[in-house]
Amino acid sequence: MQKPLPFDAATVRRIAEKYPTPFYLYDEQGMRDACRKLNAAFAWCPGFREYFAVKALPNPYVLEVLKDEGLGADCSSLAELELSERVGLTGEDLMFTSNNTQAHEYQKAADLGAIINLDDLSHIDYLKEHVGLPELLCFRYNPGSAREGNVIIGKPEEAKYGFTEAQLFDGYAILKAAGVKRFGLHTMVASNELNGDFFVETARMVFDLAVRIHQQLGVRMEFVNLGGGIGIPYRPEHKAVDLQAVGQGVKKVYDAMIAGTPLSPLKVMMENGRMITGPHGFLVTTAIHHKHIYRDYVGVDACMSNLMRPGMYGAYHHITVLGKENAPHDRIVDVVGSLCENNDKFAINRPLPAVERGDLLVIHDAGAHGHAMGFQYNGKLRSAELLMKPDGTVKMIRRAETHDDYFATLDFSGLACSK
Ligand SMILES: *Cc1c(COP(=O)(O)O)cnc(C)c1O
């Protein structure tokens, strides 16, 4: 089975003549369309907003595109806050959903006026002591065994994130007594979830909590944040989540539980990363070697330090050998990088056409949690990132690392041999 590409082989070859492989290539139009689809699905909801999970693709040019589509930014660290700030996202354009957070990160979030989403009950006092309590605060709920989770995020009761239900009630009571005026409720229970009903159930769960918190404490939630986690069809046989159906499903629950109650209007927010940029990013790499031992291998010039999802989660990423889309896929190979780690494989036992040295391989669905997870183990360097604009022009939005970058943090001056 094939997965379509938003550009043809000749275009990618032309790009590869200018920018050496490996590189990431992003399709701006695809990202814009994804934003528009999600926004359209929730157009019924006054104040709906998607905060892009910056960690999925932390690049200012991408953030600028998403900002232009009306998205805010969901940040998990000081660097992500600063990145967003430098793109002009400030105040309530920013959601700060962190965990195990340090005071200076909360300080930055507060300075920017970001919506702070606390991960733990004990952080109320921590925030109060180090930064002071803002007028708006949000809590992250962990439903524990009440929800299933999935392989990427794990089971909620084993996950380190969030408040228990009892802690939520305690926490909002503390905030109210401390004079906090505005409240939000957040949860994130799944990642890469392809079943749209899951998000409708998440909405039901947080609406129910918002209603009970209001009844018991008189605390009126201003928004609920359903988290991110909308999955993407990594495999050709997968089907994309029907966003329109998710939006309508959430609306039905909203109409039944919230509309016409004192909680209305309740804003609904999300913070997806993957579904916005994932399918619109491609890792382009060149075949450099073949190897035939107990299995057959195709060696490429990218490695796990460019894309660690297959090694980390056993994730499937579809691979197109450019120009051989219609050739018989009659070779069973492992596609590997050069790390001294045997999980440095982009594909295992994958049927592909015969690959020659110099062929370009396009690794699909690498636009989220791809380049961002890169690392330098084995002295490998992170690649360039390129953005293809809607008019077909290509802009380099991050240069490739060089060996000088690798050596920049080392100090050889105290070594005996340098004296
Ligand atoms: C990673 C993360 C997201 C984004 O997850 P996706 O699977 O990319 O949608 C959103 N919110 C939080 C709190 C996260 O940790």
Side-chain angles (χ1 to χ4, degrees), residues 1-16 19 21-38 40-41 56-57 62 65-66 69 192-194 196 230-246 272-287 298 300 302 306-307 309-310 315-331 333 335 346-347 350-355 359-371 383 385-395 397:
M1 278 174 107
Q2 286 190 26
K3 285 196 85 168
L5 288 170
F7 20 67
D8 59 20
T11 304
V12 182
R13 278 201 199 95
R14 223 169 27 244
I15 296 169
Y19 302 98
T21 58
F23 56 78
Y24 272 82
L25 180 57
Y26 303 119
D27 168 27
E28 177 180 324
Q29 190 61 52
M31 294 177 182
R32 287 187 180 275
D33 291 345
C35 297
R36 290 171 196 179
K37 269 189 201 155
L38 184 63
L57 209 182
V62 171
V65 166
L66 304 183
E69 295 295 334
N192 194 30
E193 179 58 58
L194 282 171
I230 294 180
I232 59 171
Y234 284 103
R235 290 177 183 270
E237 67 270 22
H238 281 163
K239 273 188 65 187
V241 174
D242 181 345
L243 296 176
Q244 203 58 36
V246 171
N272 295 286
R274 191 184 318 268
M275 72 132 293
I276 300 292
T277 57
H280 314 296
F282 304 84
L283 174 57
V284 180
T285 182
T286 303
V298 170
V300 295
N306 302 113
L307 176 66
R309 296 191 69 260
Y316 179 95
H317 280 264
H318 199 68
I319 296 178
T320 296
V321 183
L322 276 189
K324 297 186 174 173
E325 291 81 351
N326 298 312
H329 284 45
D330 55 1
R331 311 294 164 95
V333 297
V335 178
F346 293 110
R350 180 76 56 89
L352 286 181
V355 175
D359 276 350
L360 288 177
L361 277 65
V362 177
I363 303 177
H364 293 242
D365 301 306
H369 314 293
H371 189 284
S383 77
E385 296 183 294
L386 311 175
L387 181 66
M388 184 180 281
K389 308 237 182 106
D391 67 3
T393 56
V394 171
K395 179 174 175 61
I397 58 173

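Just so you know, residue 1 is the first one in the sequence shown, and it goes up from there.
- Side-chain contact between Met275 and Leu243: present, with at least one pair of heavy atoms (C-beta onward) separated by less than 4.5 Å.
- The side-chain heavy atoms of Val355 and Val333, taken from C-beta on, include no pair separated by under 4.5 Å.
- When side chains are defined from C-beta on, Leu5 counts as touching His364, because their heavy atoms get closer than 4.5 Å.
- Centroid-to-centroid, the aromatic rings of Tyr234 and His318 stay 6.0 Å apart or farther.
- Judged by distance alone, the side chain of Asn192 and the main-chain N or O of Ile232 form a donor-acceptor pair under 3.5 Å.
- Between Arg309 and Asp365 there is no salt bridge, since none of the side-chain N atoms of the basic residue sits less than 4.0 Å from a carboxylate O of the acidic one.
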Verdict with supporting geometry, Met388 and Thr11, side-chain contact (heavy atoms from CB on, under 4.5 Å): CA-CA 11 Å; Met388 184 180 281; Thr11 304; 3.7 Å; yes
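- Lys324 NZ: more than 12 foreign heavy atoms inside a 6.0 Å radius.
- Considering all non-hydrogen atoms of both residues, Leu283 and Pro22 come closest at CD1-CB, 4.1 Å.
- If you take OG1 on Thr393 and CG on Leu387, they are separated by 8.5 Å, rounding to the nearest 0.5 Å.
- Summarising the geometry of Val241 relative to Leu194, their closest heavy-atom pair is CG2-O, 3.4 Å, with the distance given to 0.1 Å.
- Test Lys395, Glu385, His371, Lys389 against Tyr26 for side-chain hydrogen bond (donor to acceptor under 3.5 Å, both in side chains) and you get one pass: Glu385.
- Contact record, Ala9 with Gly323: CB-N, 4.1 Å, taken as the closest heavy-atom pair.
- Leu386 CG to Ile397 CD1: the interatomic distance, rounded to the nearest 0.5 Å, is 7.5 Å.
- Here the side chains of His317 and Pro310 are in contact, with some heavy-atom distance below 4.5 Å.
- Of the possible donor and acceptor atoms, one in the side chain of Thr285 sits under 3.5 Å from a partner among the backbone N and O of Ala302.
- Looking at every heavy atom in both residues, Gln2 comes nearest to Pro236 through O-CB, 4.0 Å.
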Step-by-step side-chain contact (heavy atoms from CB on, under 4.5 Å) determination, Leu361 to Phe346: CA-CA 11 Å; Leu361 277 65; Phe346 293 110; over 6 Å; no
Steps toward side-chain contact (heavy atoms from CB on, under 4.5 Å) verdict (Val298, Leu352): CA-CA 10 Å; Val298 170; Leu352 286 181; 5.5 Å; no
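- Note that CD1 of Ile319 and CZ of Phe282 are 13.5 Å apart. Values are rounded to the nearest 0.5 Å.
- Under the 30°/60° scheme for interplanar angles, the aromatic rings of Tyr19 and Phe23 are found to stand perpendicular.
- Interatomic distance, CD of Glu237 versus NZ of Lys3, reported as 9.5 Å (0.5 Å rounding).
- Using a distance-only test at 3.5 Å, with no hydrogens or angles considered, a donor-acceptor pair links the side chain of Asn272 to the main chain of Ile230.
- Partners of Arg13 under the salt bridge (charged side-chain N to carboxylate O under 4.0 Å, His left out) rule, at least two apart in sequence or in another chain, do not exist in this structure.
- In this structure, the side chains of Glu69 and Leu66 stay at 4.5 Å or more apart for every pair of heavy atoms.
- Going from atom CD of Glu28 over to atom NE2 of His280 covers 12.0 Å, rounded to the nearest 0.5 Å.
- Considering all non-hydrogen atoms of both residues, Gly367 and Leu57 come closest at O-CD1, 3.2 Å.
- Across every non-hydrogen atom of Leu360 and Ala16, the tightest pair is CD1-CB, 4.0 Å.
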